[in-house]
Structure formats: C-alpha cells, structure tokens
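So the structure is just underneath, and the comments pick up after that.
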Number of protein chains: 4
Amino acid sequence: MKSSARLGRPVNADAERTRRRILLAAMTHVAEVGYSRATMKSIAEQADLTSAAIYRYFPSKADLVLQALDDVFADVVGRLEAAAFSVEGLRARLVALLEEALACMADHPSMTRFEASLLFESTHSPEFAAAVGYRRHTEETLYRRLVVEAVDTGELPVGTSVEAMVDLLTSVSWGLTHLSVTATADRHRAAIRLTESLLAQGFPTGS
Amino acid sequence: MKSSARLGRPVNADAERTRRRILLAAMTHVAEVGYSRATMKSIAEQADLTSAAIYRYFPSKADLVLQALDDVFADVVGRLEAAAFSVEGLRARLVALLEEALACMADHPSMTRFEASLLFESTHSPEFAAAVGYRRHTEETLYRRLVVEAVDTGELPVGTSVEAMVDLLTSVSWGLTHLSVTATADRHRAAIRLTESLLAQGFPTGS
Amino acid sequence: MKSSARLGRPVNADAERTRRRILLAAMTHVAEVGYSRATMKSIAEQADLTSAAIYRYFPSKADLVLQALDDVFADVVGRLEAAAFSVEGLRARLVALLEEALACMADHPSMTRFEASLLFESTHSPEFAAAVGYRRHTEETLYRRLVVEAVDTGELPVGTSVEAMVDLLTSVSWGLTHLSVTATADRHRAAIRLTESLLAQGFPTGS
Amino acid sequence: MKSSARLGRPVNADAERTRRRILLAAMTHVAEVGYSRATMKSIAEQADLTSAAIYRYFPSKADLVLQALDDVFADVVGRLEAAAFSVEGLRARLVALLEEALACMADHPSMTRFEASLLFESTHSPEFAAAVGYRRHTEETLYRRLVVEAVDTGELPVGTSVEAMVDLLTSVSWGLTHLSVTATADRHRAAIRLTESLLAQGFPTGS
DNA sequence: TATGAATGAGCCTTCATTCAT
DNA sequence: GATGAATGAAGGCTCATTCAT
C-alpha cells in the first residue's frame, strides 16, 4: 500500500529525529532552570510536542534527562580524550584538554550548565547516582591515565599519590565548570588561561 | 525590686532555640536533597515541629533558607578572613584560608552542601540572586584584597590581572567545595593539601 | 495586698471594656473584608490583643461575630422602631424610618456593611441562619405592625396582602442597604429621598 | 472523500461540554456557599472531575468564577434589555424588565444567588472589582437609557435627577434580588407584582 | 505517532483553635 | 486576663504520568 522504493531500513528516520529534538530540548531547558524546576510540559513545548508524546520515547523524566546526559557526555569525553592524547607531556596534555573543553562549550552553549545541573542533582537523589557515577568514573579514568603515564615517564615524581592528583584535576575541572556558569565567557576563558599557566609554571612571582 | 539588670539574655530563650533548630533543620535537609526537593514538612519534622509552626518564625520557604544561608555565611566568612590575615604572604594566606575552610566544614558538616545547593539554585531562580550575589561579592572581595596586597608587596608581578586571579581563586575554591561533596573527607583533605603545594611551589616535577 | 478602696463591684469594668473593644473590632473588620476573609488575628490586632485572648470572651469566631450583630441590631432596631412610631400615618412613618436609618449609618459607618456581610453570609452557612432569622423576623415584625395598623386606620385598602407588603418593604430596605455599600453617601441619600417621595406620592409624572 | 463541509461544530465538542459543566458547577456551588467557602474540590466533584482537571480549562478559581459570571451576565442582560425595549412607556418597560428577570431566575435557579455572591464579594476583594464594575456599569446604562428616554418623551418631569433615578432602580432591583434569595419563589413573585403596581400607580391608598 | 483529557500525589501556605505559662 | 507557641485541617495549585483515541 505504501509506495515501493525505500530499500534498506526505511525505519522512521523521523522517529529518531524527534527523539533527538526531545533530547536537545531537555538539555536546553534543564540547563536553563535546573532539573527540579524543569517540567515535561516545557521540554515538550521546546521540542514542538505534547508532554504525553515524550513518553513514547522515554519512560520518565529522570530517564530522559539521563539519556541526554549520556549523549552529551559520550560526545564530550571522546573529544577531551582525543585532545589530551594528541600531544605529549602532562602539562601540555592538561592544557590541550582545557582548551578542548573550551571548544566544547562553544559548540554546545548549554551543555555545561546542563551537566552541572545533573551532577549537582545527583548528589541529592539516588536515581542519578548510578549514571553520574559512571560519568565521574570515566572522567577520573582519563585523568588517571594522564597521571600514571606522567609518573611512568618520570614527569611526575615517583611516589606521587595518583589518587590525590586525580582529585586535584577533578577539582580544578569542576571549579572551572562552575565558573563558566556564573561568570562571563571572557572571564571564564581568562581563568582557564591562568589555570593553564599555573599548571605549566606554578604560581607567578614578582621577584 | 527589679534592679537595673535585664540587659543580655533575650526574654524568651525558648523561641530563639526553636528558631535555631528550624534553621539547622533547614540547612541539613536542603543540604541532603537540594532546595527544590526540600519540603517544609520534612524540615519541620527534622526540627520536631509541624510545618505550620515554621511560619511563626519565617514567612516563607525561600526566606527561611535565605536566613539560614546568611547565618552560616556570616560565621564562615569571618573565620576565613581572620585566618587569611593571620599570616603574611599570599601563598601562606591561601593555605591558611583553605585550612580554615577545612575546619569550618568539620564544624558544620552539611554547610558546604547547603551552600552549594543554594548557590546552584540561584543560577536558575531570581529569588536567590540578590542574597547569593552578595555572598559571592563578599568572597570575591576577600580574594581581591589578598591579590591586591600581594601585588603591592611585589609578591605578584605588576600587571597581574586582578580580575582573572580572583576568578582563579574562586574557581579553585569551588572545585574543592564540590569535591568535598562528592569525595570522602580524607580524599578531600588530600586534594586540598595538594592544591596548597601547587599554589606554593607550582606543579611537581620529576626531574 | 491590693490597695483598699474600690467599694461596690470593682468587677472588671476593664473586662467589659475589652469585650466591647473586641466586638467593635470584629464589626469593623468584617465590614471591611467580609466574614470569610476576616481573620481572628486581624480582629485581635485591631482590638490591641492577641487572637488567643479573644477566646476568653467568645467561644468562636462565629459566636463573636454573631454577638456583634446582636449588639448592633438591638441598638438599631430600637431606634428605627422609635422613629417610626414617633409620627402618624404609614407614609410618614416609612419616611421617618428611612431617615433614622440614615442617621444610624452616620453614627456607625461600618455597621451597614457589617450587617450586609453577615446577612449575606447567613444565606450560605447554617451557623448564622438562626441568629439572622431572628433579626429578619424582628424587622419584619416592625414592618408588619406598620402595615397592619395602616390597614386598620383605613390608610391601606382592606384586602391588602400584609405578607406581600412586608416583603416589599423588606426588599426596599435591602435595596437601599446594598446601595449604601456600593455608592457614595450622597448618592445613597439621594436615592433614599427619592424612595421616600415614591412612597409618598407615587412615581413622578411629567404631564 | 471529504467534501467542503467542516464549518460549524467545533472539533472537540467534548471539551466544550466539560467546560460548560465546570462553569455550571461553579455557579451552582458558589451560589450555595459563597465564593470564599466554595472550594475547587467541591466544584470539581459537582462536575464529576478532579480539582486538578479544572485547571486545564481555567487558570485559577477567581478566573473560573469570573468567566461563569460573564456567561450568565451576557445571557441575562441581553434578555432584560430586549424585554424592556419591547414595549413603550417607562412604567410598562420597568414592569416588563422585572417580569423578564423573574423568567431568568426560573431558567437558571442559582443564578441570582451566584451573582449576588460575586457582587457582594467584589466589595471586599479587588480581584473582582473590574469585572463586577463592568457588570454594574452595564446595568446602570440600561436604566439610564430608560430614564433618559422617559424624560425626553415627557413621561418624567424635566429636571428629574437621572443619577438618583438610576440609583433608585438599581436599589429596587437589588432589593428584589435579595428577596429572591431569602424568600420563597411565591413571595418573591408577589413582591415583584407589588413593586410593579407601586411603580405604575404609586402607593395604594384606602380612601 | 501524537494528542487531549484526566488523575493523584504532594507542596506551600493560612487559619481557627488550644494550652501551658 | 493575656500571651506565645504549636497544631491540624484545609485549600489552591502544579506536575509527572496514564490512557483512549
């Protein structure tokens, strides 16, 4: 009854497109107002849909948002990793990583806020703990690789506490993320550059 | 028969005690579940009261939480400032400041999470913007004083961007705060120590 | 232990004074915002008391307000009756009655609104039915006496439906009462005068 | 297969039916217990719904009730106007108007009580002032037209105070309305008839 | 596939009322 | 006689979620 043609899977490319529209809307809206204040209705409106329709694609609000996080995360972590390992030397790698983070933010403006929202929320509600735990784990893994390799190559002194170093990097990453939420893009960039130079040369001295 | 005394102790110490119990409950509960998920009912229960009773002390949820923030903040900022200026030299001051922050957290375990909750929330809802803006401003002012004095004493090179430096410190502070929320106290402490040495001596090198 | 003197009943004339203050406050406040919107707290404040104190004098909000109504009513109905019977002839009596009503309003500005509030409320809630029923009954009795006497003296045709005539007078009274609530005092006065002339001479004609 | 039709009937007659059911329930319930005592829950139950469902149709309790008033009012004022101008002569018109009012009440039994509730409430709460003000204005406009025309045709003496006359009619209308709320339908009818004759021939005399 | 209608749970807030002091 | 503290019962409103169409 349908016109012939359409070889392969004519599967609803439409459906997939809608799915992504919802995902994007969720990300944007949560980034704007935070998870708790975000409503399915608003997300749906931003995706040109009814809230009921969303349930065709995602079983619940939490799930929708979690999948959005996964999507974003998969994209970002890949880029960060690639950037970090495109150069040699711990400091250079950290700088590259930070620069790439900056680039990511430019590409998806609401991404950082969105991530921050969810990670923050995860502290409070168990439903997010798992997914966010994984995300954190992945990020830490990346840092760990950097640190371990640096110890191996002698760039960091033997006996360095990998654990603590990873936490430091995580902390720095978080601090900058938060800054991106509260400060202008310019100030954020400036702070990143300063962090880079701090990592590269230590705290500046006047003498 | 009444001599002139009467100064000092407020008439009704009970009311004040209840007020503080509510404030504490609010802080604890918001720290646990975040502002949006926190309910007056839970706060009241944690303070051994009915939710209606809270309204004898605070006109609204937002107000209650804001006053809790003010209380905590007044306490903390004073301690941080005192600690920072109890020693000389930018690096030493930063170290002292971080150590005192650690001590504060030990004193009020849920404080950090609570503050983080509100500061985060303030990004999304205007009701908190003012109060949190003031808080941020005060923190930045403290950092600015440290930086400016360091430039004056020649500890930091002339031409240092005060703005960027303040942002860096804010960012570091935030990163560590967040870490305290997600990591164990021990790891948090270790990361702080590492940050201190990073500030003091720059990134470690193996050579 | 108390200073001697105070012969007779030193009984709390104070108490009675407080009671009346509360009654007055209730009347005023209910007149302003209506029964449902009136709160014990506001009434108490207007009487320079705590809401809890009111319960020493009145067992409940409904009771308080009802007693206030009784007070007002006893005063007013006496005056109206006296005024009506101070002259002869139905029309003259009605005129006198309306004029006295006008005088009452001048004396207790919020009285009319208060009465209207309660009478209105009585339509909706059974707790007031009894008291208001009594009030209506008394008013109707007054009208009935006027009408019956007028029939007796031949001023009204034999066969006049007393019932209907009483209802008419009640209706006129109500209409004017309501007008006093919605219009200015001047317009109210003008409408009363017109009603008086309508009763006295019938509807005006141009020919 | 679809011909050009499609004009007329709205797409979803169900929704409109529900809307009207809610409106009717609101009118009935408010008429019964007054605006303040009326609850969304009771209205919903009377309309076979959950209270939450009402909010799909009306944004708030005040709005719901106001729309109900508008509906009723639009219907009634049209009928009264048509009735009044279907005959000639002021007295005849007033009689026709009152008769039509009687008919309206028969059609919508709770209408009068409902209107009275709201008009009364409007005295105390500003939210209704606008809508009720408009209603009052419309009613007065109708009366004014009657009076002015009567002056023009010489039916009322030149120099008649239109303002006062309008107030008188408003007052009469209100008195009768209130009577309809407190008395039986029969007594109400009788009082109306008496009012009509009062207007037509002046107060009865025995001589 | 998407919608409109409806629900139920829950939240913040208000208020008459009680009671120990 | 009066207060301050506390309560319990509601009430208006929101929102994630379901379901028939």
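The chains referred to below are lettered A, B, ... by the order of the sequence lines, with proteins before strands, and numbering in each begins at 1.
- No engagement by B:Ala47 is indicated, since no non-hydrogen atom pair under 4.0 Å with the nucleic acid exists.
- Taken residue by residue, residues 52-63 of chain D places heavy atoms nearer than 4.0 Å to DNA chain F at D:Ala52, D:Tyr55, D:Ser60, D:Lys61.
- In this structure the side chain of D:Leu24 never reaches within 4.5 angstrom of the side chain of D:Arg20, judged on heavy atoms.
- Residue D:Thr50 is classed as a base contact, given a heavy-atom separation below 4.0 Å to a base.
- Phosphate proximity of E:dA6 to D:Thr18: present, with a side-chain N or O under 4.0 Å from OP1 or OP2.
- Here the C1' atom of nucleotide F:dA2 and the CZ atom of C:Arg17 are 16 Å apart, to the nearest Å.
- Each of A:Leu49 and B:Ser36 lies near DNA chain E, and the nucleotide nearest A:Leu49 is the one positioned closer to the 5' end.
- Rounded to whole Å, atom C1' of E:dA6 lies 15 Å from atom CD of D:Glu45.
- Rounded to whole Å, atom P of E:dG4 lies 15 Å from atom CD of D:Glu16.
- From D:Glu32, atom CD reaches atom OG of D:Ser42 across 9.0 Å, with rounding to the nearest 0.5 Å.
- In terms of heavy-atom proximity, B:Val65 sits nearest to B:Phe128 at CG1-CE2, 4.3 Å.
- Rounding to whole angstrom units, CG of residue D:Asp48 and C1' of E:dT7 are separated by 14 Å.
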Kindly determine whether A:Ile43 and A:Gln46 satisfy side-chain contact (heavy atoms from CB on, under 4.5 Å), including the steps that lead there. CA-CA 5 Å; A:Ile43 295 176; A:Gln46 220 161 105; 5.8 Å; no
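- In this structure, CE of B:Met40 is placed 12 Å from P of E:dC11, rounded to the nearest angstrom.
- Taking the C1' atoms of five terminal pairs at each end of the helix from E:dA2-F:dT21 to E:dT21-F:dA2, the two resulting helix axes are inclined by 20°, rounded to 10°.
- With contacts defined as side-chain heavy-atom distances shorter than 4.5 Å, the pair A:Asp71/A:Gln67 does not qualify.
- For B:Ile22 and F:dT7, the CD1 to C1' distance is 14 Å, given to the nearest whole Å.
- Atoms CD and CZ, from B:Glu121 and A:Arg37 in turn, are 4.5 Å apart once rounded to the nearest 0.5 Å.
- We find that NZ of B:Lys41 is positioned 12 Å from P of F:dA9, with the value rounded to whole Å.
- Listed candidates were F:dA6, E:dC12, F:dG11. Nearest to the side chain of D:Thr39 is F:dG11.
- Straight-line distance from the CZ atom of A:Arg19 to the C1' atom of E:dT1: 16 Å, rounded to whole Å.
- Taking all atoms of both residues into account, the shortest heavy-atom contact from B:Ser110 to B:Ala31 is O-CB, 3.4 Å.
- Between the NZ atom of A:Lys41 and the CD1 atom of A:Ile54 there is a distance of 12.5 Å, given to the nearest 0.5 Å.
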